[in-house]
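Each ligand, and each atom within it, is numbered from 1 in the order the structure gives.
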Amino acid sequence: MKLYNTMSKKKEEFEPLEEGKVKMYVCGPTVYNFIHIGNARPMIVFDTVRRYFEYKGYDVDFVSNFTDVDDKIIKKAMEESISADEVSKRYIAECKKDMEAMNVRPATVHPLATEEIGGMVEMIRTLIEKGFAYEKNGTVYYRTRKFQDYGKLSHKNLDDLRSGNRSLLVTGEDEKEDPLDFVLWKPKKEGEPAWESPWSEGRPGWHIECSEMSKKYLGEQIDIHAGGEDLIFPHHENEIAQSEAANGKEFAKYWLHNGFLNIDNRKMSKSLGNFFTVREISEKYDLQVLRFFMLSAHYRSPLNFSADLMEAAKNGLDRILTAAENLRFLIANASEKSMDAKENEMLAKTREYVDSFENAMDDDFNTADAAAAVFELVKYANTTADGERSAEYLQGLLDLLVKLTDVLGIIVEKNEELLDADIEALIAERQAARKEKNFARADEIRNELLERGIILKDTREGVQWKRA
Ligand code: AMP
Ligand code: ZN
């Protein structure tokens with residue numbers, strides 16, 4: 001199994017630190033709003049990576065944090081006159097709902113930064129003792145130049161960084177020994193959440209959170225550290241500097257980074273305002289479609305979000321779901337007889353598709369090619385499954401389809417739940433029918449919705465609906 005390591009810029013053979021185990025840390029979101037579909041990309045791709053390791057028989061320890069103390073959270077709390085804690089709790093709960101709807105499995109542990117401050121303070125103390133950090137007026141900085149390997153992940157040279165950073169010196173950061181130094185601990189400002197520390201009442205910098213939580217839940221050395229490619233520098237570079245200086249060991253063996261989800265070929269981001277939340281997409285599509293769309297590209301390639309590509313993903317997914325439904329129907333009606341020799345041979349032929357699926361996934365998780373192998377299997381199922389086949393043969397095909405799609409996190413069962421967008425469309429159709437005095441059709445739609453648990457109420461302001 002090969003995976004691309006940002007550190008070596010090469011595909012490397014995966015060798016776990018401990019036989020049969022994978023220790024994996026994925027940087028999670030900062031929770032001050034609903035997550036957007038750019039944030040969903042690392043969730044979906046690294047959940048798929050986890051699922052594939054499990055498919056291969058590894059026991060995966062998967063840790064992913066929530067950053068629940070941050071300037072953006074504090075700003076949002078002030079705007080809404082509530083506490084930062086209320087903001088983060090609310091959006092963690094919403095994020096978990098989105099994850100579930102995208103079939104992203106909960107991590108083994110989802111640590112919260114605010115619950116791990118004690119460990120961070122300890123790590124900062126160690127860094128000071130070892131000479132890798134210093135305090136100035138209540139702020140603690142990391143002494144970047146002291147860490148010989150700084151820049152090894154992002155392949156940046158310290159002197160280039162320094163010249164790029166020179167302007168910082170004239171913008172009031174001159175209490176740092178060097179413009180490259182970054183913050184480990186900062187004193188609180190009025191109204192901000194704060195914790196006690198030997199240096200000041202304050203809060204940790206963002207980078208130290210992940211170093212500490214990774215160490216606490218996975219140990220000083222881990223197999224895989226992952227996140228979006230914007231985290232390579234400075235976040236992951238700084239994590240390496242902190243963890244390796246404090247622990248005296250290589251931090252992570254493999255560094256995996258997903259490419260951006262773009263819109264009109266620009267990164268989708270909150271600050272640019274060009275984003276869709278996962279929740280918005282869920283009004284129009286089952287989120288399995290979003291998941292399948294994300295996996296239609298290699299995780300390291302940029303992926304442009306468009307209505308056309310979402311439709312293509314929907315059609316592809318439908319083909320798979322329909323094949324599964326067809327198999328279930330045939331199984332329910334098939335004779336109980338067991339497989340004959342010919343069917344045995346026919347089922348053995350599916351090994352070819354499993355091989356292509358595994359070869360694709362073994363090659364740095366090429367989910368696009370893995371999905372192509374699933375389509376080959378679907379085609380084979382559609383051409384060989386009919387009323388003549390034994391239940392055992394049909395079940396063999398279905399089990400295989402379920403096994404492979406499960407690695408991609410796709411559930412091959414049709415979701416019969418009506419989406420908000422479908423309901424709105426039916427209501428519009430009912431209004432049009434009434435306008436044309438086609439009351440029979442209007443009643444039919446009302447009853448159909450009622451059967452599916454949607455109650456309509458005609459008001460002066462228009463039609464309102466609710467789920468029963
Ligand atoms: P943030 O909440 O900004 O720290 O982001 C959480 C995760 O989402 C990080 O791993 C980011 O790299 C990732 N991310 C943010 N925007 C995008 C995007 N447009 N495409 C892919 N990944 C993204
Ligand atoms: Zn992180």
*Do we see a donor-acceptor contact under 3.5 Å between the side chains of Glu86 and Ser83?*
yes
*Short list, please: which atoms of ligand 1 are under 4.0 Å from a heavy atom of Lys267?*
16 (N), 19 (N)
_Less than 6.0 angstrom from the centroid, inside 45 degrees of the normal: does Lys314 satisfy that with respect to the ring of Tyr285?_
no
*Is there an N/O/S atom in His235 that lies less than 2.8 Å from the Zn ion (ligand 2)?*
yes
*Going by atom types only, do Asp70 and Thr30 share a side-chain donor-acceptor pair under 3.5 Å?*
no
*Flag His207 as yes if one of its N/O/S atoms falls below 2.8 Å of the Zn ion (ligand 2), otherwise no.*
no
*Is there any N or O on Leu261 that sits under 3.5 Å from an N or O of ligand 1?*
yes
*Side chain, backbone, both or neither: which part of Thr67 has a heavy atom under 4.0 Å from ligand 1?*
neither
*Per-atom contacts, ligand 1 versus Gly259 - under 4.0 Å to a heavy atom*: 21 (C)
*With backbone taken as N, CA, C and O and side chain as the heavy atoms from C-beta onward, which portion of Leu231 lies under 4.0 Å from ligand 1: side chain, backbone, both, or neither?*
side chain
*Select one of side chain, backbone, both or neither to describe which atoms of Lys270 lie under 4.0 Å from any atom of ligand 1, heavy atoms only.*
neither
*Looking only at protein heavy atoms, which one is nearest to atom 19 (N) of ligand 1, and how far off is it?*
Met268 O, 2.8 Å
*Specify which N/O/S atom of Glu239 comes nearest to the Zn ion (ligand 2), by atom name.*
OE2
*Distance-only side-chain donor-acceptor flag, Asp181 / Tyr134, under 3.5 Å*: yes
*Using a strict cut-off of 4.0 Å, indicate which atoms of ligand 1 neighbour a heavy atom of Asp230.*
11 (C), 12 (O)
*Among all protein heavy atoms, pick the one closest to atom 5 (O) of ligand 1 and tell me residue, atom and distance.*
Asn39 ND2, 3.3 Å
*Name the one of Phe34, Tyr32, Phe66 that satisfies ring-ring contact (aromatic ring centres under 6.0 Å, His included) with Tyr91?*
Phe34
*Output the list of atoms in ligand 1 that are nearer than 4.0 Å to some heavy atom of Gly38, sorted by atom number.*
14 (N), 17 (C), 18 (C), 19 (N), 20 (N), 21 (C), 22 (N), 23 (C)
*Mark up the atoms of ligand 1 that fall under 4.0 Å of a heavy atom belonging to His36, in ascending order.*
16 (N)
*In terms of ring plane angle, is the pair Phe14 and Tyr58 parallel, tilted or perpendicular, where the classes change at 30° and 60°?*
perpendicular
*With heavy atoms of Asn258 as the reference, note each atom of ligand 1 found under 4.0 Å away.*
21 (C), 22 (N)
*asked:* I want to know if ligand 1 touches Thr30 in the polar sense, i.e. an N/O pair below 3.5 angstrom.
replied: yes
*Between Gly228 and ligand 1, does any nitrogen or oxygen pair lie at a separation below 3.5 Å?*
yes
*May I ask whether Pro42 places a heavy atom under 4.0 Å from ligand 1?*
yes
*By number and element, which atoms of ligand 1 are closer than 4.0 Å to a non-hydrogen atom of Pro29?*
2 (O), 6 (C)
